[in-house]
Every structure is written in structure tokens, then in C-alpha cells.
Protein chains: 2
Amino acid sequence: MNDAVTDDATGIFESITTTSLVDRAHGQIRALIVAGKLRPGEPLKDSVLAEQMGISRSPVREALRRLEQSGLVEKSANRSYRISLLAAEDIPELASLRLADETLAVRTIVQHRYSIDSLAEHVAQLTAATGDPAAAAAADAAFHRAVVGLARLPRLAARYDDLTDQIRLALLASDIETWGRGEMLVENHTMLVDALTEALETGDARRVVRMWEVHVLGGMTAFDILDPLS
Amino acid sequence: MNDAVTDDATGIFESITTTSLVDRAHGQIRALIVAGKLRPGEPLKDSVLAEQMGISRSPVREALRRLEQSGLVEKSANRSYRISLLAAEDIPELASLRLADETLAVRTIVQHRYSIDSLAEHVAQLTAATGDPAAAAAADAAFHRAVVGLARLPRLAARYDDLTDQIRLALLASDIETWGRGEMLVENHTMLVDALTEALETGDARRVVRMWEVHVLGGMTAFDILDPLS
DNA sequence: TGATCGTAGATTGTCGACAGAATGCGATCG
DNA sequence: CGATCGCATTCTGTCGACAATCTACGATCA
């Protein structure tokens, strides 16, 4: 979140990023969760986490509070942390939230006529990843994240990141290997970029937003939100 | 967040809601912020907060972590908490996020054909509040919150609540007394309910969503996002 | 044999303490 | 007289400890 700002343009001074133990614990636990090492419902005991990381319980506890607020961790009634019980039935809601955020990003980009040149690089990555499902999924995620970033709405980007973490966890827990089927990925994203470019010229975002909805929801035919959200 | 579920339907047993000190500290600090007792940029020292509340620093710290994640509090570079530096220039982004969440709620209600009967009560509250700006603002906020709640998307509601807190803080800091001008409040909301009712019949949410955008953004003519977000 | 109760262990909530870093004030030097 | 340096104080980050609560296992009883 706060990367100990280093205004050192020359790079002479090493970035003395003395990350706090809270940040490190947060990052490690989060990584464990999104990597699937810990599954939903699994209890998280701050004492064992602290011992495993060789630190005290206080930083672990604060890290868990952060994770709780960002949705990866929750507290059961009998006071004890556990990985959030996200499952297949939560995916429709999470996907709706994600779609709402992405379309807001698209609308904002069009409204302010922000440049989208950087998206080409992501499409290239996507092209290079054909045949490699994992790489394709990563490039796909990076593309969508880049669009959100282009809107220059920092709070939107922050909550989008939390959201993608939760979706990742829910997918892992549901044993859904690939988010969407990997065919047509390049074509679809090229179409999106084209539509976005067109919207930037005309100033009308409706068409690209509609395509975006179809694209995102189309990747989830396995779930119950098939309607294009009129 | 978790209200120590009491399934005591009979009400014989007192709800032994042993709220943790973290929850209480969180609530108290949050209340102070949204009430305007603490202004953006003001430093928050956990030691003094703890002493003022008569508790230890640990629960205060965890409460601050939660507030940090929900956007009311942030950490300055030189490690120290302060009220988030929200100001007038942040309102456009916050309003965009709020609008995105509300329109998602409206779309979801229409898509699932959820009942909106409970909204009538809120319009009545709004009517009863004519002439009292504070009550009108509260009723207005309650109406919008109710719409979000009707969508039955718990994570949407949670992030919407965080958002409204941030907006409240930003408005307080900008010395903007009333969110929108209070005239026409009843008429506007009646129109929204009518449009929503119509959408529930036709299944087409486009019209009500468009009206919603105009309504929300119209309440903020003072800011720079006037375009109806094509 | 099965269910209930009780106790031992584990785990959390909270506290006080200590070291390191930051802040602010005063002394010193130009 | 003004700017810089140094020191004292304050505050934060982290730790270990203690009590209260919860869990799980085993003993007791019907």
C-alpha cells in the first residue's frame, strides 16, 4: 500500500524500504491465500502464524485485520480467524462488482479522453501466451487491471485489487481451473481495444461498455449471471 | 460487523454482546471522524487515543488498521496515523464510485425482480423532513442506502458504507454544508421509485439507470463531473 | 453402548514494557 | 541575528505475559 516513497530519481541511494513486519506478514499471508496454499474455512491462528514467521503476534494480528477488511479473511462467531468462506456461489456477486468497476474505468477513460496506448503491450503479452493457460490467465488479468489503472482513480484501483484477490480465492476453492476458456482471448481483447479506441474518438462509451459486459460475463457461462445486465 | 449473533427468539436471555474493545474503539473513532470532530490531516496517536478511551494501545491499533483499510484513516510517510486527507478534489472520484455501486444495485434489483416496497417508507421519511435540511439529508442517505441493501449483495453494501463514510468526511472537510440543494427531493425520489417500478415490470433497467445518473450527479453541480457519463 | 459432563490444553483478547525512530526545542556557531 | 546541530521528549513498532474463553478429549453415568 505505502511503498516508502523514494523520490530518488538518480537511484544513487538504495531504497531503504524498511518494510514493517505488519506489511511483510500481510504480504506473506495474502500470498499464501491467493496461491491456494490455504483454503476457505481453514482456521488461521495468529500464534502459529507468528511462530512460523518468527515474529510476535501483534504484527500478525494487525495484518489479519487488514486482510479481514479486504475480504480474504473473516472472523467466525466464536472469535477466531479463518480464510473467507468464498465458494462458487459467491462468484456471481464478485463478478458483478468487478464488472461494475471495470465499466466505470472504461467510462472514465472515455470521458477524460485518457490515452490507452499502454494496452497494446498487454495484448501482445496475451498473444505471446497462446497455448500456455497459466500465462494467458495472467496476461488477461493484467490487461483488465491495466484498464482500471488507466482511469486514474486510485480508490477504484485499490478496491479492484481486493476484488481480484477474492475472486482468485473463490475460483481456487471451487476447483475451477481456468477463469474462462482460453480460446479467442486475443481476438476478444483486440475487439475491446478497438471499441475503446472508437469510443475515445466519438466520445460515446455505450458500445464499448456493452461489449465489455458481454466479454466479462461471457467468460463465466458456468455461473448463473448470463443476462447481459440490461 | 459481527454482532454476536443471538438466536434468542424469546428474548429471555439478555444478548450478551461482549463487543471486543477493538470493535468499540473502531466505532468510537469512526463516529468521531464522520461527526467532524476530527478533520482531515489531523494526526491520530494511538497512545493518546488509548489513554482517552481508558484502554490499551493494542485494540486501538487494530481499530486503526481497519479504518485505514476502509479509507477514513491513512498513514503518513513518517509512520503515523492521521485522518485521511480527503478534500473537495476527491469528491468526484468518490461520487463516481458511489454512483457505480448504486447503479449496480438498481440493475441487480431489476434483473432479479426484487421487491422495492420498502422504499415507500423512505420516501415518506423524506416527505416528513421537508424544511429540516439535516433530516432531509439523513432521509436521502437512508433512501439510497436502502436501495443498495435491496440488491442483496452483502459485499456491495459493505463497500458502499465505507464509501459514504469517506464522502461524509470529504464534505465536512470541504465545508460543504448540504450535499445537494434540498428542493425537489421528494419529487426526484418519487420519480426514481416510479422509474424503478416501471423497470421491474418491463425488465429494462436502462431508463432508471439513466435517471439515477442524472439524479446523483445533479446533486453535485459544484463539482467537475457534470457529464452524464455517456 | 451412547450421551453428558468435566477438566486439561490451546487460543484469543488485552495489557504493560522496551528499543528505535521522529519531533521539537534550545544551544552553538557563523 | 539567523541557521545548523544536538539533545530530550514523544511516539511508534514490536515483544512477552497474563487472564478469560473456547475446544477437545476422556471420564462418568444412565
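Computation of the quantities below employed the complete heavy-atom set of this structure, encompassing side-chain atoms and omitting hydrogens, waters and symmetry-equivalent molecules. Residue numbers start from 1 in every chain, and the chains themselves are labelled A, B, ... in the order their sequence lines are given, proteins ahead of strands.
Taking both residues in full, the closest heavy atoms of A/L185 and A/A136 are given as CD1-CB, 4.0 Å, listed atom of the first, atom of the second, then distance.
Separating the CE atom of B/M53 from the P atom of C/dT14 is a distance of 11 Å, rounded to the nearest angstrom. The interatomic distance linking A/L44 (CG) with C/dT11 (P) rounds to 12 Å, in whole Å. One can place NZ of B/K45 at 11 Å from C1' of C/dG24, the figure rounded to the nearest angstrom. One atom, CD of A/E68, and another, C1' of C/dT12, lie 14 Å apart when rounded to the nearest Å. Rounding to whole angstrom units, CZ of residue B/R82 and C1' of D/dC11 are separated by 16 Å. In this structure, the CD atom of A/E51 is 10 Å from the P atom of C/dT11, given to the nearest Å.
Aromatic ring pairs are classed by plane angle as parallel below 30°, tilted from 30° to 60° and perpendicular above 60°; the pair A/W212 and A/H144 is perpendicular.
Salt bridge A/D162/A/R66: absent, no basic N to carboxylate O contact under 4.0 Å.
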Handout entry: nucleotides 13-23 of chain D: protein proximity per nucleotide (B base, S sugar-phosphate only, - neither; heavy atom, under 4.0 Å)
Key = BBB-B---B-S
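Between the side chain of B/R24 and the backbone N or O of B/T19 there is at least one donor-acceptor pair closer than 3.5 Å. B/R39 places a side-chain N or O within 3.5 Å of a backbone atom of B/L172 that can act as its donor or acceptor partner.
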Practice task
Check step by step if side chain to side chain donor-acceptor pair (under 3.5 Å) holds for B/D140 and B/H122.
Solution key: CA-CA 8 Å; B/D140 179 56; B/H122 290 284; over 6 Å; no
